[in-house]
Participant: 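After the structure tokens below, expect a handful of questions from me.
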Amino acid sequence: MSTTDAAATWSVVGRGTRDGSVVVVDLHADGSESARRIIDASTLTGEVNAAGAARRWVWSDTSRWYPALLRAGLQVSRCHDLRLCHAILRDSARAADAGDLRRHVEWDAAAIEAAPAAAQTLFDLESGATTAGAPDHIEDVLAEFARQRDALGAAHDPGPLRLLLAAESAGALVAAELYDAGVPWDVGVHDGILTEMLGERPGAGRLPTKIEGLAAEVRAALGDPTASLDSQPKLLRALHRVGVLAQSTSRWELAEHDHPAIAPLLAYKKLMRMYTANGWAWMQEWVGEGRFRPVYVPGGVVTGRWASSGGGALQLPRQLRPAVRADPGWVLIVADVAQLEPRMLAAMSGDTALADAARGTDLYAGIVSEGVVGTRQEAKIAVLGAMYGATTGDSGRLVPALRRAYPRAMGLVDHAARTGEDGGVVSTWLGRTSPPPSVAWRQIQDLAGTGDAGERDQARARRSARDRGRFTRNFIVQGTAAEWALAWLAELRQQLARLEPIPEEDAADRSGRVFSRRAHLAFFLHDEIIVHAPAAQAEAAAAAVRDAAARATTLLFGTFPIDVPLDLQITDDAAKG
DNA sequence: AGTGCCTGCGCG
DNA sequence: AAAGCGCGCAGGCACT
């Protein structure tokens with residue numbers, strides 16, 4: 001075991017030249033190298049242990065390095081994920097001089113790579129097998145880290161951007177930890193919900209009884225015993241034959257027609273959706289040993305939200321929530337923020353009137369009590385319309401009232417929309433910047449600007465400009481909300497990590513997993529988290545959830561008086577949350 | 001058999 | 001078919 005330099009700030013990890021070797025380079029804050037060690041991949045866990053909690057690990061891609069450490073029972077405190085930070089710095093309008101980063105496209109290619117391979121890692125690490133993704137050789141890693149520090153150092157005001165990079169990297173740690181921990185899942189409850197809803201689990205080649213029954217009802221009502229219900233064009237033709245002249249087969253349109261086939265058809269579609277998306281086959285594939293393990297993709301959405309790849313973590317139907325069950329002797333802490341995005345907008349714009357309406361748990365009720373609109377439902381439609389750029393219908397009609405009452409907040413999103421329409425870029429509160437318009441978009445606008453553009457060219461250009469305006473309008477709000485959520489996650493995982501592990505005999509299992517003896521994050525969905533905690537830690541973990549949210553708000557907005565209230569429940573069943 | 005697009009619906 | 005943003009996934013279907 002080699003020694004580590006306690007004074008060093010960063011430990012940069014990369015692959016060595018020899019197969020299976022790993023190189024760890026300690027750096028001081030000024031970037032100077034203080035130690036360099038060549039080790040076997042299998043001893044990296046020892047290095048991490050010896051380095052202590054304060055160390056920030058720098059690596060190409062958290063999803064390639066961290067899972068193996070977690071499986072070896074180690075949690076790291078902090079990291080700098082070069083792949084994710086590259087994407088932010090490359091585009092950020094607040095990072096001066098990112099040209100050097102843009103030239104190194106090999107760090108972009110990795111981001112385009114599909115799902116992070118949560119399943120590979122330790123084995124590959126030890127065998128020295130190469131995997132696709134960001135460059136991993138230590139010299140490439142050191143060079144990229146230097147470029148990123150240069151881009152940050154040259155920034156006019158690097159503080160917010162530095163915070164964003166730290167939060168993004170912490171999010172990468174959380175994503176790997178969520179996969180390692182999994183969502184505690186009761187397959188018995190899941191099976192019960194499916195059976196109740198769909199009927200008995202069918203044999204091969206058959207559908208559940210209730211689905212078959214509904215299909216028969218629909219076909220009888222259509223007078224066509226062989227009608228296909230799963231092919232949109234065929235179903236549409238069958239409906240037309242009985243006089244239902246719908247344009248599409250979507251639920252909301254079918255509901256407007258009056259025909260005996262409609263009710264069973266809507267029920268059929270609902271059940272079929274559950275059966276195909278989250279039925280027994282899904283359970284078989286994604287749930288094992290009492291844990292649902294979806295694959296999260298941090299930074300997977302341009303706005304900074306996470307995406308998912310596999311398991312559909314972000315689309316888990318509310319109906320299936322009861323299957324999220326704490327282990328015996330454990331509880332769930334289910335917490336979410338109501339109306340996170342308009343709260344972010346109020347704070348970003350410094351709109352104290354909207355911040356006043358946001359005081360307390362229901363922003364929409366606040367808008368009503370300020371007399372801006374008449375009902376809570378109107379307030380909701382107006383706010384969503386304001387953030388999404390609605391121009392017609394109820395929503396578009398209500399937005400002007402908001403514009404009069406909250407000129408600062410509305411001014412900010414309206415300005416973002418105009419910038420987008422003009423082909424410009426916009427940035428979130430911490431500095432994540434929207435991508436520039438595509439070449440195709442530019443061409444459409446340029447063509448419309450020339451003298452010989454036809455009426456259709458003009459119309460197309462206006463439409464695509466407005467489309468982009470709605471995107472940039474929403475980008476600053478959705479992206480800042482994602483930043484708040486990352487800060488919440490980052491604070492929370494640090495606080496949970498400080499909890500004392502419970503005695504071995506009370507552990508959820510004897511696997512030696514990092515999270516079997518301590519409260520841990522189990523689920524994350526944009527503005528909502530679930531923590532799985534030993535009963536003895538329930539109150540401490542809930543306090544951590546609340547405190548982390550408060551700290552996230554302060555971290556982003558300092559002393560600006562914006563409420564970000566949590567709805568928080570401690571329960572053994574996530575559906576009660 | 002593999003691909004890429006379309007439709008529809010789940011989530012925020 | 002949404003009006004009004006951001007996603008992933010399943011099934012059908014046309015194409016290779």
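In this text, all values refer to a predicted model and were calculated from it rather than measured experimentally. Numbers restart at 1 for each chain; the letters A, B, ... are given by sequence-line order, proteins then strands.
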Participant: Between A:E177 and A:Y66, do the side chains contain an N or O donor and an N or O acceptor separated by less than 3.5 Å?
Facilitator: yes
Participant: For A:L525 and C:dG8, what is the distance between atoms CG and P respectively, to the nearest whole Å?
Facilitator: 13 Å
Participant: Take atom CD1 of A:I381 and atom P of C:dG4, then tell me their distance rounded to the nearest Å.
Facilitator: 13 Å
Participant: Where the side chain of A:T392 is defined as all heavy atoms beyond and including C-beta, which of C:dC7, B:dG12, C:dG4 is the nearest nucleotide?
Facilitator: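 My answer, after comparing the listed nucleotides, is C:dG4.
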Participant: Classify A:G385 by what it touches in the nucleic acid, base, sugar-phosphate, or nothing, heavy-atom distance under 4.0 Å.
Facilitator: nothing
Participant: Under a cut-off of 3.5 Å for both distances of each Watson-Crick or G-U pair, what dot-bracket string does DNA chain C give, using [ ] for crossing pairs and | for inter-strand pairs?
Facilitator: ....||||||||||||
Participant: Among C:dA3, C:dG12, C:dC9, which nucleotide has an atom closest to any side-chain atom of A:D230?
Facilitator: C:dG12
Participant: Whole angstrom is fine here: how far is it from CZ in A:F475 over to C1' in B:dG12?
Facilitator: 17 Å
Participant: Specify the separation, in whole Å, of atom OH of A:Y388 and atom P of B:dG12.
Facilitator: 11 Å
Participant: If you measure from the P atom in C:dG4 to the same atom in B:dC5, how many Å do you get, rounded?
Facilitator: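 Between the two P atoms, the distance is 26 Å.
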Participant: Tell me the interatomic distance from A:D467, atom CG, to C:dG4, atom P, rounded to whole angstroms.
Facilitator: 9 Å
Participant: Under 3.5 Å, is there a donor on one side chain and an acceptor on the other for A:D61 and A:S63?
Facilitator: yes
Participant: Would you say the base of B:dG12 and the side-chain of A:R305 have a donor-acceptor pair closer than 3.5 Å?
Facilitator: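 Indeed there is one.
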Participant: Which residue, A:H526 or A:G393, contacts DNA chain C at a nucleotide closer to its 5' end, judged by nearest heavy atom?
Facilitator: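 Going by which nucleotide is closer to the 5' end, it is A:G393.
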Participant: Mind running a 4.0 Å heavy-atom check of residues 239-275 of chain A against DNA chain B and sending the residues that fall below it, in number order?
Facilitator: A:S248, A:T249, A:S250, A:R251, A:K269, A:R273
Participant: Just to be sure I understand the rule, does A:G310 reach a base, reach only the sugar-phosphate, or reach nothing, if contact means heavy atoms closer than 4.0 Å?
Facilitator: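 The residue A:G310 makes sugar-phosphate contact but no base contact.
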Participant: Could you check whether A:Q445 and A:S464, counting side-chain N and O atoms only, form a donor-acceptor pair closer than 3.5 Å?
Facilitator: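 A:S464 vs A:Q445: donor-acceptor pair found between side chains.
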Participant: Does the side chain of A:W280 pick up a donor-acceptor pair with the side chain of A:D191 at under 3.5 Å?
Facilitator: yes
Participant: Hey, are A:Y388 and A:E341 close enough side-chain-wise for a donor-acceptor pair under 3.5 Å?
Facilitator: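 Judged by distance alone, the side chains do not pair up.
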Participant: Pick base, sugar-phosphate or nothing for A:L340, based on heavy-atom distances below 4.0 Å to the nucleic acid.
Facilitator: nothing
Participant: Nearest whole Å is fine: how far is C:dC5 P from A:E421 CD?
Facilitator: 13 Å
Participant: Heavy atoms only: give me the nearest A:G360-A:P565 pair and the separation to one decimal.
Facilitator: O-CG, 3.3 Å
Participant: Can you confirm if the aromatic rings of A:F292 and A:W282 lie within a centre distance of less than 6.0 Å?
Facilitator: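 Ring centroids of A:W282 and A:F292 are less than 6.0 Å from each other.
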Participant: Relative to each other, are the rings of A:W488 and A:W484 parallel, tilted or perpendicular (30° and 60° limits)?
Facilitator: tilted
Participant: Is the centre of the A:F557 ring less than 6.0 Å from the centre of the A:W429 ring?
Facilitator: yes
Participant: Could you tell me the separation between the CG atom of A:L236 and the P atom of B:dC6, rounded to a whole number of Å?
Facilitator: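 Spelled out: CG on A:L236 to P on B:dC6 is 17 Å.
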Participant: The side chain of A:A307 lies closest to which of these nucleotides: B:dG8, C:dC13, C:dG8?
Facilitator: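 Looking only at heavy atoms from C-beta outward on A:A307, the closest nucleotide is C:dG8.
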Participant: Within the 3.5 Å criterion, strictly below it, is a donor on A:S434 or A:T472 matched to an acceptor on the partner's side chain?
Facilitator: no
Participant: Quick one: does A:Q315 reach the base of C:dG8 with a side-chain donor-acceptor pair under 3.5 Å?
Facilitator: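 Such a pair exists between side chain and base.
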Participant: Given atom CD of A:Q232 and atom P of C:dA14, what is their separation to the nearest angstrom?
Facilitator: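 Atom CD in A:Q232 sits about 12 Å away from atom P in C:dA14.
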Participant: When all nucleic acid strands are considered with a 4.0 Å heavy-atom cut-off, which category describes A:Q478: base, sugar-phosphate, or nothing?
Facilitator: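 Since a base atom lies under 4.0 Å of A:Q478, the category is base.
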Participant: State which of C:dG8, B:dG12, C:dC7 makes the closest approach to the side chain of A:V302.
Facilitator: C:dC7
Participant: Does A:S231 have a side-chain nitrogen or oxygen under 4.0 Å from the phosphate oxygens OP1 or OP2 of C:dC13?
Facilitator: yes
Participant: Side chains of A:S248 and A:E253: any donor to acceptor distance under 3.5 Å?
Facilitator: yes
